[in-house]
Amino acid sequence: MEDERRYDPHSIEERWQRVWETEKTWEVPNDADPSRTTYVLEMLPYPSGEPHMGHLKNYALGDAVAHFTRRTGRVVLHPMGYDAFGLPAENHAIKTGVHPRESTAASIASFQRQFRRWGISIDWSREFGTHEPTYYRWTQWLFLQMYERGLAYRREAAVNWCPNDATVLANEQVTDGRCERCGAEVEVRQLEQWFLRITDYADRLLEDLGEIEWPEHVKTMQRNWIGRSEGAEVVFRCESAETDYPVFTTRPDTLFGATFFVMAPEHRDVLKLAAGGEHEDEVRAYVNRAITESNELRGSAERPKTGVPLGRTVTNPVNGEQIPMFVADYVLMEYGTGAIMAVPAHDERDHAFALAHGLPIKRVIEGADPDAGPDSDGLPYSGEGPLTGCGTEFDGTHNREAFGRIVDWLDREGKGHSSVNYRLRDWLISRQRYWGCPIPIIHCAECGPVPVPESDLPVILPDIEGYAPKGRSPLASAEDWVAVDCPSCGAAARRETDTMDTFVDSSWYYLRYCDARNDEAAWSREAVDAWMPVSQYIGGVEHAILHLLYARFWTKAMHDMGLVGFDEPFARLFTQGMITRDGAKMSKSKGNVISPASYVDNYGADTARCYVLFIGPPDQDADWSDEGVEGVHRFLSRLWRLSNGLESSGSGIVQPESPDGAGLELVRKANWAIDKVTKDMGSRFAFNTAISAVMELVNDCYRLIDRTDEESLRFAVATAGSLVFPFAPHLGTEVVDRVAGRRAWEEPWPAVDPTMLESDTFELVCQVNGKVRDRVEAPSGADQAALIELARSAPNMVAHLEGKQTVKEVVVPGRLVNIVVR
RNA sequence: GCGGCUGUGGCGGAAUUGGUAGACGCGCACGGUUCAGGUCCGUGUGGGGGAGACCCCGUGGAGGUUCGAGUCCUCUCAGCCGCACCA
């Protein structure tokens, strides 16, 4: 019934998966010799529904790297876990009433099944989900370590508020200023929130980008996100209020051109300054409107510049001029000091505001904006040039020089100093959500926030009645859980009811894998130092900023606490491209979603895995094609049929002593393939060309099969199996087993026989004036003169050289001769 | 607006250091196997010209450097992504 001549991936794959499962082939010890360890890690999946094509690509990539690395003699840690807390499971619970724990467990089970069917080489002894108390106990512990060192703190902040669902939203839940779920316009509310002090690490996060091998565009994105600006803090005094107001500016060289002064609506002195003045009511109304408006609305640069005068002035420290104060929503409280000096001649925004409010525009740098019309004054001009119109010795000085001199002057006068500012904000980690890690803090009326004692960890996430948001954290409804005694004074107190952002969970999971079953500590320093940093991290670009920045920050914080001995978590990073369908992102609404499971059912895991790697360069987006899958399946079938037609040598993969004719050709091709695949895997992520090299080898086997000796063919086929193993581990194993009687994963990576990479002759390309005119067979060792002679005597060369005068002869040994003529 | 990425046959892509453009796969065409279809095997396949040997053109576009450019430089067009009132 069963056709023996037919490649049957399912029986092959199940058979080897059983071996790997029972022998625990991919498990590694915690205390491996650090000089031999390599840590290969793919970003852990968020378990929601079934794995999709992006997962298949991610883990096929990582597994190829892991397999290849193992066979080069390294001990490889290749673990798996689940980023299990998060909003989708909670939203599902709100809709269906099913506890997030149940839907998450179902999804995890599905991921586990699929990963096993795909044959991914995972050390299952280290598996965990971030929602398990044995994991989040340590998330809480680490949070408290940060709290004790002041790295975690609580303050009031503006957060996104959905008036319809009566809940706070995560930034990720706000799309175009609207609530992702109900579509209501999001408001801003001031609430007490927990933050992690990532801004303390801004400079190190920036500098250490130089030490890690990451794609340049990811580093650039992180640099832009951190947004370091150098400038100065300058003090403007408001005499009538007897208060100094510092501002941050990147252009202290334009200080003489400051003609007004603007404060953010959130600035706490705004109402006080306006009080009693003629604009008091107007200011109050303006501030009230501004602070309830969405960031989305306020953030637009195209928006007209509005604002209200405060009815007071400040003194420009360099010239003593009194300039008017305003409140305007284009100034952000979160950046700098929440107040700015406005230089309308040299700043686009200040210019727009000055025009709208009839304020003076004073040029202090010579130059004109190139985009300004010929009849305009060329303002606002933000370029460089000499200073002008200051009425001091600075006039005529180039602004670059004036920058430093003005800052020095301010410093001497006690009116300012050089300063650095960052775009990066502290990381807001509290979420008014149920399905997350509880923040281990107890609020006591007497003692304030008190950490939960270490011995009481973990603070278990309690079961609750309803998940629907009611204007406060869902956990607040678990009265029995919330009410506790203060660990410090024993008085009645209440637990913190916010949970942590899920990015906290995923900021340290890679450390836990190193020592996943430790119930005494988050990890032992020895285990972590043996494996970390991750040698190769692989995941989607969508995490280029948040996850990858948070994890770097976390590692640096752990390093400073002495918990780890390194301060970058991921030495090398690879970001994979998306798999699209008909050129578009797969989504349920487009109806173009295809699942890996159906392809694994139809063609086997090896075909599905090979195809996602063959489809194109892995860092680029690639479009899925069913015909392409069949092509890869055909290739694997052809390799299987070759192995099926051969008797096993039972003695390993052995290159024949001295093959000749077709046999020699095959042995050479096999060595060429070894060389090609090794280079493609070892020095770049070129899986697509590596697979095509094995295809070429297989094609040559078919081409030469009738003329070659069996030993050479066996060597070529076994080599093909051995080389394809990292991409198609089951078939690779099957072929090496059948033909050579060895277990592919235990075989060292094949070594090239350099003598087989060379041949006696090569094809010499003959050019005249850079154009190919002929090709001739040339001996490999021939010298330049001999090559020129050969080229000149090639038939079509003779025709092109006839009657021409030679100007120059260029020889590239082993490749070509180019004769330049007139 | 700022920053980044990508443009190569009918399609996905290859060309690692400036040295034969189009490897490999898909698709298509023809032939073989087969009762037939499919499978499988083989041959061909950038465009144009020529009976043919061959010739011309060709890597988004325009220039440039070079004996030689998909690759380096300048300008430019198109598409995608990230950030965006950050003083």
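The gap from the C1' atom of rU59(B) to that of rA14(B) amounts to 12 Å, rounded to the nearest Å. For the P atom pair drawn from rG19(B) and rG10(B), the interatomic distance equals 25 Å after rounding to whole Å. If you take atom C1' in rG50(B) and the same atom in rU6(B), they sit 39 Å apart, rounded to whole Å. Taking atom P in both rA62(B) and rC77(B), the straight-line distance is 14 Å, to the nearest Å. rG68(B) and rU76(B) are spaced 25 Å apart, taking the C1' atom of each and rounding to whole Å.
Within 4.0 Å (heavy atoms only), Ser625(A) reaches no atom of the nucleic acid at all. At a threshold of 4.0 angstrom between heavy atoms, the contacts of Ser637(A) with the nucleic acid are absent. Looking at heavy-atom distances under 4.0 Å, Lys305(A) makes contact with a base. Among the heavy atoms of the strands lying under 4.0 Å from Val331(A) is at least one base atom, whether or not backbone atoms are also near. Within the 4.0 angstrom heavy-atom criterion, no nucleotide atom of any strand lies near Lys585(A). Heavy atoms of Asn818(A) sit under 4.0 angstrom from at least one base atom. Nucleic acid contact for Glu763(A): base, since at least one base atom lies under 4.0 Å from a heavy atom of the residue. Note on Arg703(A): nothing from the nucleic acid sits closer than 4.0 angstrom, heavy atoms only. Among the atoms of the strands shown, only primed sugar atoms or phosphate atoms (P, OP1, OP2) are found under 4.0 Å from some heavy atom of Ile615(A). Residue contacts shown for Val820(A) are limited to sugar-phosphate atoms, with no base heavy atom under 4.0 Å away. Residue Pro617(A) is classed as a sugar-phosphate contact, given heavy-atom separations below 4.0 Å to backbone atoms only. When heavy atoms are screened at a 4.0 angstrom cut-off, Arg303(A) is found touching base atoms of the nucleic acid. If you check every strand for non-hydrogen atoms under 4.0 Å, His800(A) touches sugar and phosphate atoms only.
Lys808(A) contributes no side-chain N or O that forms a donor-acceptor pair with the base of rU66(B) under 3.5 Å. You won't find any donor-acceptor pair under 3.5 Å spanning the side chain of Arg684(A) and the base of rU16(B), going by distance alone. On a pure distance criterion of 3.5 Å, no polar donor-acceptor pair joins the side chain of Gln767(A) and the base of rU20(B).
In this structure, rC30(B) forms a base pair with rG42(B), meeting either the Watson-Crick or the G-U wobble geometry with both donor-acceptor distances under 3.5 Å. Under the Watson-Crick or G-U wobble criterion, with both distances below 3.5 Å, rC35(B) is left unpaired in every strand shown. Summarising the base pairing, rC83(B) is matched to rG1(B) through a Watson-Crick or G-U wobble pair whose two defining distances lie under 3.5 Å. Under the Watson-Crick or G-U wobble criterion, with both distances below 3.5 Å, rG7(B) is paired with rC77(B). The partner of rG68(B) cannot be assigned: no Watson-Crick or G-U wobble pair with both contacts below 3.5 Å exists in any strand.
Put simply, the side chain of Phe236(A) reaches to within 4.5 Å of the side chain of Ile323(A), judged on heavy atoms. Annotation: side chain of Trp640(A) is in contact with side chain of Leu731(A) (closest heavy-atom distance under 4.5 Å).
The phosphate of rC55(B) (OP1 or OP2) has a side-chain N or O of Asn796(A) nearer than 4.0 angstrom.
Between Glu348(A) and Lys305(A) there is no salt bridge, since no side-chain nitrogen of the basic residue lies less than 4.0 Å from a carboxylate oxygen of the acidic one. Look at Asp329(A) and Arg303(A) and you find a salt bridge, because one of the NZ, NE, NH1 or NH2 atoms lies within 4.0 Å of a carboxylate O, short of that distance.
Taking the six-membered ring wherever Trp is involved, the centroid distance between the rings of Phe326(A) and Phe353(A) falls below 6.0 Å.
Here rC85(B) is the nucleotide among rC85(B), rC41(B), rG12(B) with the atom lying nearest to any side-chain atom of Asp329(A). For Asn688(A), the side-chain atoms get nearest to rA14(B) when compared with the rest of rA14(B), rA23(B), rC41(B). Of the listed nucleotides (rG27(B), rA84(B), rC85(B)), rA84(B) has the atom at the smallest distance from the side chain of Arg423(A). Nearest nucleotide to the side chain of Asn699(A), out of rC83(B), rC24(B), rC26(B): rC24(B).
Remark: of the listed residues His543(A), Glu542(A), His217(A), His217(A) is the sole one forming a side-chain contact (heavy atoms from CB on, under 4.5 Å) with Thr575(A). Exactly one residue among Phe614(A), Tyr7(A), Tyr599(A) makes a ring pair (Phe, Tyr, Trp, His ring centres under 6.0 Å) with His633(A). That residue is Tyr7(A).
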